[in-house]
Amino acid sequence: IGLPLFGLSSLLTRVFYAHKDTQTPVKLSCYTLIFYLVIALVLMPYLKIEGLVWASILSTGLQFLLQWHLIKNRYTHYSLRYT
């Protein structure tokens, strides 16, 4: 489940780097790291190791969604919509 999200997130990070914007991916990574820690602490008592896996998947999914949203709004010349 997480592998496509990791790949897409990595790909979208390169879009920011191509536009010479290195601060945005770092900020998003910090936010998703905090999200990961909170989710991991919540899920670990119930799911043990699987809680860490789900926290990783959810934080990577959040990072992908945030990157997608920012790219869609900042760089409107990319056709990310299917019309």
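Heavy-atom minimum distance, L52 versus A40: CD2-CB, 3.9 Å.
Considering only heavy atoms from C-beta on, D21 comes within 4.5 Å of Y75 through its side chain. A heavy-atom distance below 4.5 Å is found between the side chains of F64 and L12. In this structure, the side chains of I1 and W54 come closer than 4.5 Å at one or more pairs of heavy atoms.
Rounding to the nearest 0.5 Å gives a distance of 9.5 Å between CG of L5 and CG of L58. We find the NZ-OG1 distance between K20 and T22 to be 10.0 Å, quoted to the nearest 0.5 Å. Summarising the geometry, atom CG belonging to L28 is positioned 12.5 Å from atom CG belonging to L33; distances are rounded to the nearest 0.5 Å. Here the CG-OG distance, from L62 to S9, works out to 10.0 Å after rounding to the nearest 0.5 Å. Taking NE2 from H19 and CZ from R14, the interatomic distance works out to 14.5 Å, rounded to the nearest 0.5 Å. The structure places CZ of F16 at 12.0 Å from CD of Q23, a figure rounded to the nearest 0.5 Å.
Note: the hydrophobic cluster containing V53 also contains Y46 (ILVMFWY, side chain heavy atoms under 4.5 Å, direct or indirect links). Tracing side-chain contacts under 4.5 Å through hydrophobic residues (I, L, V, M, F, W, Y), one never reaches W68 starting from L3; they form parts of separate clusters. Both F35 and L65 are part of a single hydrophobic cluster, where members link through side-chain heavy atoms under 4.5 Å apart. Placement of L47 and M44 in two distinct hydrophobic clusters is found when ILVMFWY residues are connected by side-chain heavy-atom separations under 4.5 Å, directly or transitively.
The main-chain N or O of F6 is never found under 3.5 Å from a side-chain atom of S10 such that the two would form a donor-acceptor pair.
Applying the ring pair (Phe, Tyr, Trp, His ring centres under 6.0 Å) rule to Y36 yields no partners; only residues at least two apart in sequence or on another chain are considered. Under the rule for a side-chain hydrogen bond (donor to acceptor under 3.5 Å, both in side chains), S59 has no partner lying at least two apart in sequence or in another chain. Every residue two or more places apart in sequence or in another chain that forms a side-chain hydrogen bond (donor to acceptor under 3.5 Å, both in side chains) with T13 is listed here: Q67.
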message = The test is side chain to side chain contact (heavy atoms under 4.5 Å, CB included); show your working for T24 and L70 and say whether it passes.
response = CA-CA 9 Å; T24 300; L70 287 175; 3.7 Å; yes

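Surrounding OH of Y17 are more than 12 heavy atoms belonging to other residues, nucleotides or ligands, all under 6.0 Å away.
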